Protein chains: 2
Amino acid sequence: MSARGTIVAMESSSAASGGSTRREATRQKLYEAAVTLIAEQGFSATTVDEIAERAGVAKGTVYYNFASKSVLFEELLRHGVGLLAASLREAAEQTARDGGSRVDALDAMIRAGLVFIDRYPSFTQLYVAELWRTNRAWQSTLMVVRQQAVAVVEGVLREGVEQGEFSAEIDVPLTAAALVGMVLVAALDWKSFQPERSLDDVHAALSRLLQGRVSGRG
Amino acid sequence: MSARGTIVAMESSSAASGGSTRREATRQKLYEAAVTLIAEQGFSATTVDEIAERAGVAKGTVYYNFASKSVLFEELLRHGVGLLAASLREAAEQTARDGGSRVDALDAMIRAGLVFIDRYPSFTQLYVAELWRTNRAWQSTLMVVRQQAVAVVEGVLREGVEQGEFSAEIDVPLTAAALVGMVLVAALDWKSFQPERSLDDVHAALSRLLQGRVSGRG
DNA sequence: GTTTTTGCACTGACCAGTCAGTTCAAATTC
DNA sequence: GAATTTGAACTGACTGGTCAGTGCAAAAAC
């Protein structure tokens, strides 16, 4: 219920060339309203009137700020995934700086993914629901943006293979997709069906899976 | 594009208590039409007129066979997931009969999952898109049915733990969810973004991940 | 002769997007 | 520093179109 946080904490470098703060604040409210409603109901089932009402704003204001319902949604997507990719990249780089191994980097990225989903569950929900749809206006936006996130994981895997830390036999793109999927689905399940668990708990379980410590004596 | 196969190859034990075959055939056509359209566009964006047209049937026929658009969709869901769960169970049992280990069983289930998704990609797409939505009419249907599938995986994991084949430290429900997610997402990615790969290829990659043969010298 | 399908006109609700008009804070003028 | 102007931001009633679901007489299938 309580959808904590905003997708759009990004500040938009306020001062420089910045539009009025008022306008920015309105857009924020609209993003927040839209993300939860669309996550719950889907894009088509969510009306602009609902979004406006939830944001405490008149319908006209939505169209003053966004060209259309789809544009509002697309900007929401772009913004959110940008945040996620940045967060993954940050985790990988931090590990590298600390002299960690590639497995450590993957582990750090899993955690970063979990933290993100914990903060923005609605966004994640909405993203997964739309990613594999075909024939949608924002299909290309979605693809580009997906690649952005998966590429970070692929990068770490590839480096690991080059360094001999990972088996040369692994299929980099496929493994990257599988890892992302694992985290995504496990996290959504966590939030939906056992929200009482702690992030550390979930992280530990996935970590174990990653390191193949499932079979064999713990 | 070419959405092969039907969700509903299930035969419905034809003879016994079976309604006329003609009616059943019409329902089949409607299921097929609905599943691809809804996978592409989502439930709300798909109109009953479209479904009827794609099925080559009059609109009135839709309402002669189903009480409403939502009911048609719900029956579609129930049917599809029933198929998946049965297929997973079958894979696990077959492995047991052959005297395979639990890891073998998990591996067989991964393959069964891939085969299912290969056959019914639209259904999978649609299922993933709807599963984590809240506030939907068919929410409970979906939950029940999800549990049905995940439970099969949990069962194998639990037996493995009891038998000492898996670490006692693993979190059974979470690991089960993660495994299902891994397969689901990897497969959807396969179908969407690199459809030229073979099922064996994808299976091998996931198998490796499962058995922790990612890190270390292959 | 019963079940199923067809074709098609119709209704009423709902909804994306528009637009003429309002608000108000900041800039400009005197 | 009070009076006036400006224009970006916002409002909400309205429009044109769409769509789920109905009703029903006639045809087709079995």
Side-chain angles (χ1 to χ4, degrees), chain A residues 8 12 14-38 40-77 130 135-138, chain B residues 8 12 14-38 40-77 130 135-138:
Chain A
V8 198
S12 73
S14 45
S17 83
S20 67
T21 314
R22 181 143 90 109
R23 192 158 185 199
E24 208 47 49
T26 309
R27 292 171 83 105
Q28 292 268 355
K29 284 193 292 184
L30 285 171
Y31 279 143
E32 282 174 53
V35 83
T36 54
L37 284 169
I38 296 179
E40 282 168 8
Q41 307 176 324
F43 176 80
S44 304
T46 301
T47 69
V48 175
D49 287 284
E50 277 177 311
I51 296 174
E53 192 192 339
R54 168 91 60 119
V57 139
K59 187 177 189 175
T61 305
V62 176
Y63 286 94
Y64 182 77
N65 284 281
F66 299 95
S68 70
K69 187 185 170 187
S70 321
V71 168
L72 162 55
F73 182 56
E74 263 181 272
E75 293 193 13
L76 197 56
L77 280 177
E130 294 293 338
N135 298 350
R136 290 290 244 190
W138 50 81
Chain B
V8 199
S12 69
S14 44
S17 85
S20 68
T21 314
R22 184 147 83 106
R23 194 156 184 206
E24 209 47 50
T26 309
R27 293 171 82 104
Q28 293 267 356
K29 283 193 291 182
L30 285 171
Y31 280 144
E32 283 174 53
V35 82
T36 55
L37 285 169
I38 296 179
E40 282 169 10
Q41 307 175 324
F43 175 80
S44 305
T46 301
T47 69
V48 174
D49 288 288
E50 275 178 314
I51 296 174
E53 191 192 340
R54 168 91 59 120
V57 140
K59 187 178 181 177
T61 306
V62 176
Y63 284 93
Y64 183 78
N65 284 281
F66 298 95
S68 70
K69 186 185 169 188
S70 319
V71 168
L72 163 55
F73 183 55
E74 262 181 273
E75 294 194 12
L76 195 56
L77 280 177
E130 294 292 338
N135 297 351
R136 291 289 244 191
W138 50 80

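Note on naming: letters A, B, ... go to the chains in the order of the sequence lines (proteins, then strands), and numbering restarts at 1 for each one. Treat the numbers as computed from the prediction; the structure is a model and nothing was measured. FYI, side chains are in, hydrogens and waters are out, and symmetry mates aren't considered; it's all heavy atoms of this structure.
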**OP:** Classify the nucleic acid contact of A:V62 as base, sugar-phosphate or nothing, counting any heavy atom under 4.0 Å across all strands shown.
**Re:** nothing
In whole angstrom, what separates [X]'s [atom1] from [N]'s [atom2]?
X	N	atom1	atom2	value
A:I51	C:dG17	CD1	P	11 Å
A:L30	D:dC10	CG	P	9 Å
A:E53	D:dT11	CD	P	13 Å
A:K29	D:dC10	NZ	C1'	10 Å
B:N65	C:dT4	CG	P	8 Å
A:F73	C:dA16	CZ	P	14 Å
B:Y64	C:dT2	OH	P	13 Å
B:F66	C:dT4	CZ	C1'	14 Å

If I take atom [atom1] from residue [X] and atom [atom2] from residue [Y], how far apart are they, to the nearest 0.5 angstrom?
X	Y	atom1	atom2	result
A:K29	A:E32	NZ	CD	9.5 Å
B:F43	A:Q41	CZ	CD	13.0 Å
A:R27	A:T61	CZ	OG1	12.5 Å
B:L30	B:E75	CG	CD	11.0 Å
A:T47	A:E53	OG1	CD	8.5 Å
B:R23	B:Y64	CZ	OH	5.0 Å

Original post:
Any idea which heavy atoms bring A:T46 and A:K69 closest together, and the distance?
Top reply: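 For A:T46 versus A:K69, the nearest heavy atoms are O-NZ, 2.7 Å.
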Original post:
Shortest non-hydrogen contact from B:E50 to B:A45?
Top reply: OE1-O, 3.8 Å
Original post:
B:E130 and B:L77: side-chain contact (heavy atoms from CB on, under 4.5 Å), yes or no, with the steps?
Top reply: CA-CA 10 Å; B:E130 294 292 338; B:L77 280 177; 5.6 Å; no
**OP:** Considering just the side-chain nitrogens and oxygens of A:T61, establish if one lies under 4.0 Å of OP1 or OP2 belonging to D:dA9.
**Re:** no
Subject >> Single hit among B:I51, B:T36, B:L76 for side-chain contact (heavy atoms from CB on, under 4.5 Å) with B:Y31 >> reply: B:L76
Any N/O pairs under 3.5 Å between the protein and nucleotides 20-24 of chain C? List them or say none.
none

Original post:
In degrees rounded to 10°, what angle is found between the helical axes fit to the five outermost pairs at each end of the helix from C:dG1-D:dC30 to C:dC30-D:dG1?
Top reply: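 Roughly 20°, once rounded to the nearest ten degrees.
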Please enumerate all protein N or O atoms sitting under 3.5 Å from an N or O of nucleotides 16-21 of chain D, with distances to 0.1 Å.
unit_1, atom_1, unit_2, atom_2, d
D:dA20, OP1, B:T46, O, 3.4
D:dA20, OP1, B:K69, NZ, 3.3
D:dA20, OP2, B:V48, N, 3.1
D:dA20, N7, B:K59, NZ, 3.4
D:dG21, OP2, B:Y63, OH, 2.9
D:dG21, OP2, B:K69, N, 3.2
D:dG21, N7, B:K59, NZ, 2.8
D:dG21, O6, B:K59, NZ, 3.1

